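Notes to accompany the following structure.
Nothing fancy with the numbering, it's 1 onward along the sequence. This one's a predicted model, so the numbers in the text were calculated from it and none came from an experiment.
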Amino acid sequence: MKVDQNGKFITFSMKSWMACGNDIACQAKKNLQQKEATWREYTKLYLRHWDEWEVEGRYNRIFILPIQMNSEHIKTHKTIAGTDMIFDVLPNDLLAATPVPPFGGAEQYSISPDGKAIAVTLEIIQHDTAWRTDWKVYYLPITWNGNTPKFGTPRSLAADNKARTQNPVFVDAHNMYYLSMDLPQSESDLLHLVHYDVAGDKSTRVSMDFDRSIGEYFFIDNLVYMSVNEDGEQALYAYNLNTQEMTRVYNKGHANSFSVTSNKTVIFSYDDFNHPNNIYQGVFTNSGKTLTASRMTTYNVQVLAQFTMQEPEKFHYNSNPQVQGWIIKPANFQPSGKYPVAHLIHGGPEGAWGSGWSYRWNPQLWAAAGFVVVMINPRGSTGFGKDFTAAVLKNWGGAPFEDLMDGMDYVIQNYDYVDEKRQTAAGASYGGYMINWINGNSDRYNALVCHDGVFSTVDMWYQTDELFFSENEYGGLPWEARDLYEKWNPERFVENWKTPTLVIEGYKDYRVPWSQALSSFQTLQRRGIDSKFIVFPSENHWVLNSA
């Protein structure tokens, strides 16, 4: 939800029945009918997306709710039927979802400061939606007749771009920016900054020599601040739009959810490996190149004081190219001791172990159990440049596997408190794929943990929700690029499996469906390997609920 700066309207998103438009009573009636239905019919993909079954004709939409606001209350305007007046910002004949599911939110749209335009990120609903990634940014002018908004003709800002565009931000009524990729079918290509001239209806890429993918970004005067993954941290860069000067403001932990106040103070959330989120306020000095921040909240401080947490240590080693990793000593560490190692492998594969707090895969929990925790960002990881990330494409069990094994060799050789005779590895998603790959291609580990891992790269294409992912990672359709699908298929090496394994799966995981985990467990059992299977009936690709 967002509020117009002039206090004239609120924007919000909801799943909307296209047949109902702005009629709230119709929306409620259709929702009830769907809830009571015992069957569904489909003519195109998606059938399922992330953790829910799709419903044709019902898509995410952004609505405007006109309001009257003063210091004490907000008053909405009513229809004759007594329901709130709401208005879909998109024409009903534009079949599209905005924000884009499953993770899109308020970052995917922006309201102009004068309230006379809105820009949105949307996914066009077509027969090929499941194997495309070309989200579009649209600009829509708004005029008002009393309390009723009227939307002008939507402008697609990158109609010819077959790659992804997203996350528009207005600077003023005449200038807007958005992020854009270059590669079709990719969701992990670098995001670069594009300027949109509203009056001229022209998009121009902002020229900067910057080999990082932009995440959040915001503007203060002539500076654009950009949050990026970099070397296992979340960095903030300032780019001067006039002089083209680039400055790294900081590179530590994980700062996010930036909001700039009217006096140019920035409010944001910060966390790292040892600290969960708290809210900070900061002021930029030194011509915007330095950020001085102070904590505003103290959530969990007293709780954390009850626990011992070791400080994570960053390391680098040469695996041709250089690779970065993290190591955390066990909570009960004594310099003379020898400790078992837990090697955690991240998902993606285009992801990274960054210094941030996690309520799922928290390395401090492993350290509290007495493990040395090792986390490596092999080729394919983000935050090390476009080529480093792209090295995993068509190469799932190749370069990343080499980097992970080289990294463990480096740890054993350089940290004498690591017991090389007691090694375990655990991974989720792509990390789970790598666990299955390791089981067939290495015997260095005493035990393995496979969470939501790919067992068969071929079957994965036929079972997953987003087809573009496998097609991009393996270079095509399984009947066209079969050799590559098979080359990196863990199923080919099951005759070598012998390591005891814990398999974990969420039953509502439609990204790496539970049949993949079932295949792994059945193989382990049939081969007589010590193994256990844990299923969470109500969880998706992530385990989100408390025990």
Evaluation steps, side chain to side chain contact (heavy atoms under 4.5 Å, CB included), between Thr523 and Trp497
CA-CA 9 Å; Thr523 300; Trp497 284 22; 3.9 Å; yes
Taking all non-hydrogen atoms of both residues, which atom of Thr165 and which atom of Lys136 are closest, and how far apart?
OG1-CA, 3.4 Å
Using a distance-only test with no angle check, is there a side-chain donor-acceptor pair under 3.5 angstrom linking Asp172 and Asn175?
yes
Lys44 atom NZ, over 12 foreign heavy atoms within 6.0 Å:
yes
Centroid-centroid distance, Trp488 to Tyr433, less than 6.0 Å
no
Using a strict threshold of under 4.0 Å (side-chain N to carboxylate O), is an ion pair present between Asp134 and Arg132?
yes
Give me the one residue out of Tyr225, Phe210, Phe218 that meets ring pair (Phe, Tyr, Trp, His ring centres under 6.0 Å) with Tyr237.
Phe210
Between Trp542 and Trp361, is the ring pair (Phe, Tyr, Trp, His ring centres under 6.0 Å) condition met? List the steps.
CA-CA 10 Å; Trp542 304 331; Trp361 282 71; over 10 Å; no
Carboxylate-amine/guanidinium proximity below 4.0 Å for Asp197 and Lys202
no
N-O pairing of Arg205 and Asp182 below 4.0 Å
yes
So among Trp479, Tyr485, Trp131, which one has a ring pair (Phe, Tyr, Trp, His ring centres under 6.0 Å) with Trp461?
Trp479
Trace of the side chain to side chain donor-acceptor pair (under 3.5 Å) decision for Gln27 with Ser16:
CA-CA 7 Å; Gln27 296 281 352; Ser16 172; 2.8 Å; yes
Under 3.5 Å, is there a donor on one side chain and an acceptor on the other for Ser515 and Gln463?
yes
Whether the Asn256 and Glu216 side chains hold a donor-acceptor pair (N or O, under 3.5 Å, no angle test) is what I'd like checked.
no
Do Val55 and Arg40 have side chains that get closer than 4.5 Å, going by heavy atoms?
yes
Is there a side chain to side chain contact (heavy atoms under 4.5 Å, CB included) between Leu393 and Asn472 once you walk through the steps?
CA-CA 8 Å; Leu393 297 176; Asn472 183 62; 3.8 Å; yes
Considering non-hydrogen atoms only, spot the tightest contact between Val100 and Leu122 and give its length.
CG2-C, 3.9 Å
May I ask you to say whether Glu402 pairs ionically with Arg379, meaning some side-chain N is under 4.0 Å from a carboxylate O?
yes
Would you please indicate if the ring centroids of Phe493 and Trp437 are separated by under 6.0 Å?
yes
If only side-chain N and O atoms count, and only distance matters, is there a donor-acceptor pair under 3.5 Å linking Glu233 with His254?
no
Taking atom types as modelled, is there a side-chain donor on Asn31 or Trp17 under 3.5 Å from an acceptor on the other?
yes
Give a yes or no answer on whether the side chain of Lys2 reaches the backbone of Phe12 with a donor-acceptor pair at less than 3.5 Å.
no
Can you confirm whether the side chains of Tyr217 and Ser227 place a donor and an acceptor under 3.5 Å from each other?
no
Any salt bridge between Lys508 and Glu539, counting N to O under 4.0 Å?
no
Is any side-chain heavy atom of Ile376 closer than 4.5 Å to one of Val323?
yes
Any donor-acceptor pair under 3.5 Å linking the side-chain atoms of His541 with those of Ser429?
yes
Carefully, step by step, assess Ser213 and Val228 under the rule side chain to side chain contact (heavy atoms under 4.5 Å, CB included).
CA-CA 6 Å; Ser213 189; Val228 303; over 6 Å; no
Does the side chain of Thr121 pick up a donor-acceptor pair with the side chain of Tyr178 at under 3.5 Å?
no
Quick one: sort the Trp53 and Tyr510 rings into parallel, tilted or perpendicular, breaks at 30° and 60°.
perpendicular
Within-4.5 Å side-chain heavy-atom neighbours: Asn439 and Thr501
yes
Applying ring pair (Phe, Tyr, Trp, His ring centres under 6.0 Å), can you list everything that pairs with Phe536, at least two apart in sequence or on another chain?
none
Can you tell me if Lys162 has over 12 outside heavy atoms packed within less than 6.0 Å of its NZ?
no
Heavy-atom pair of closest approach, residues Leu179 and Ile214
CD1-O, 3.7 Å
Are any of the side-chain nitrogens in Glu473 or Lys394 under 4.0 Å away from the carboxylate oxygens of its partner?
no
Are side-chain heavy atoms of Asp4 and Ile10 found at a separation under 4.5 Å?
no
Tyr462 side chain near Pro478 side chain, heavy-atom distance below 4.5 Å
yes
Quick one: do the Asp201 and Tyr196 side chains pair a donor with an acceptor below 3.5 Å?
yes
Is there a side chain to side chain contact (heavy atoms under 4.5 Å, CB included) between Asn167 and Val137 once you walk through the steps?
CA-CA 8 Å; Asn167 300 9; Val137 173; over 6 Å; no
Can you name the side chain to side chain donor-acceptor pair (under 3.5 Å) partners of Gln166, sequence neighbours left out?
none
Restricting to non-hydrogen atoms, name the atom on Ser207 and the atom on Tyr239 that form the minimum distance, rounded to 0.1 Å.
O-OH, 2.6 Å
Gln108 and Thr98: CA distance, side-chain angles, deciding distance, side chain to side chain donor-acceptor pair (under 3.5 Å) verdict:
CA-CA 8 Å; Gln108 290 195 348; Thr98 179; 5.3 Å; no
Heavy atoms only: give me the nearest Pro513-Glu505 pair and the separation to one decimal.
C-OE2, 3.6 Å
Can you list the residues that meet the side chain to side chain donor-acceptor pair (under 3.5 Å) rule with Glu187, with sequence neighbours excluded?
none
Report yes if the side chains of Pro66 and Phe87 come closer than 4.5 Å at any heavy-atom pair, otherwise no.
yes
Please tell me if the side chains of Met208 and Val206 come closer than 4.5 Å, counting only heavy atoms from C-beta onward.
yes
Any Phe455 side-chain heavy atom under 4.5 Å of Val494 side chain:
yes
Cationic tip of Lys8 above Trp144 ring, under 6.0 Å, 45° of axis
yes
Please determine, by modelled atom types, if Ser381 and Glu350 share a side-chain donor-acceptor pair under 3.5 angstrom.
no
Ring-plane angle category for Tyr474 and Trp396, please: parallel below 30°, perpendicular beyond 60°, tilted otherwise.
tilted
Could you tell me whether the side chains of Gln324 and Asn377 share a donor-acceptor contact shorter than 3.5 Å?
yes
For Arg164, is there an ion pair with Asp189 - N to carboxylate O distance below 4.0 angstrom?
no
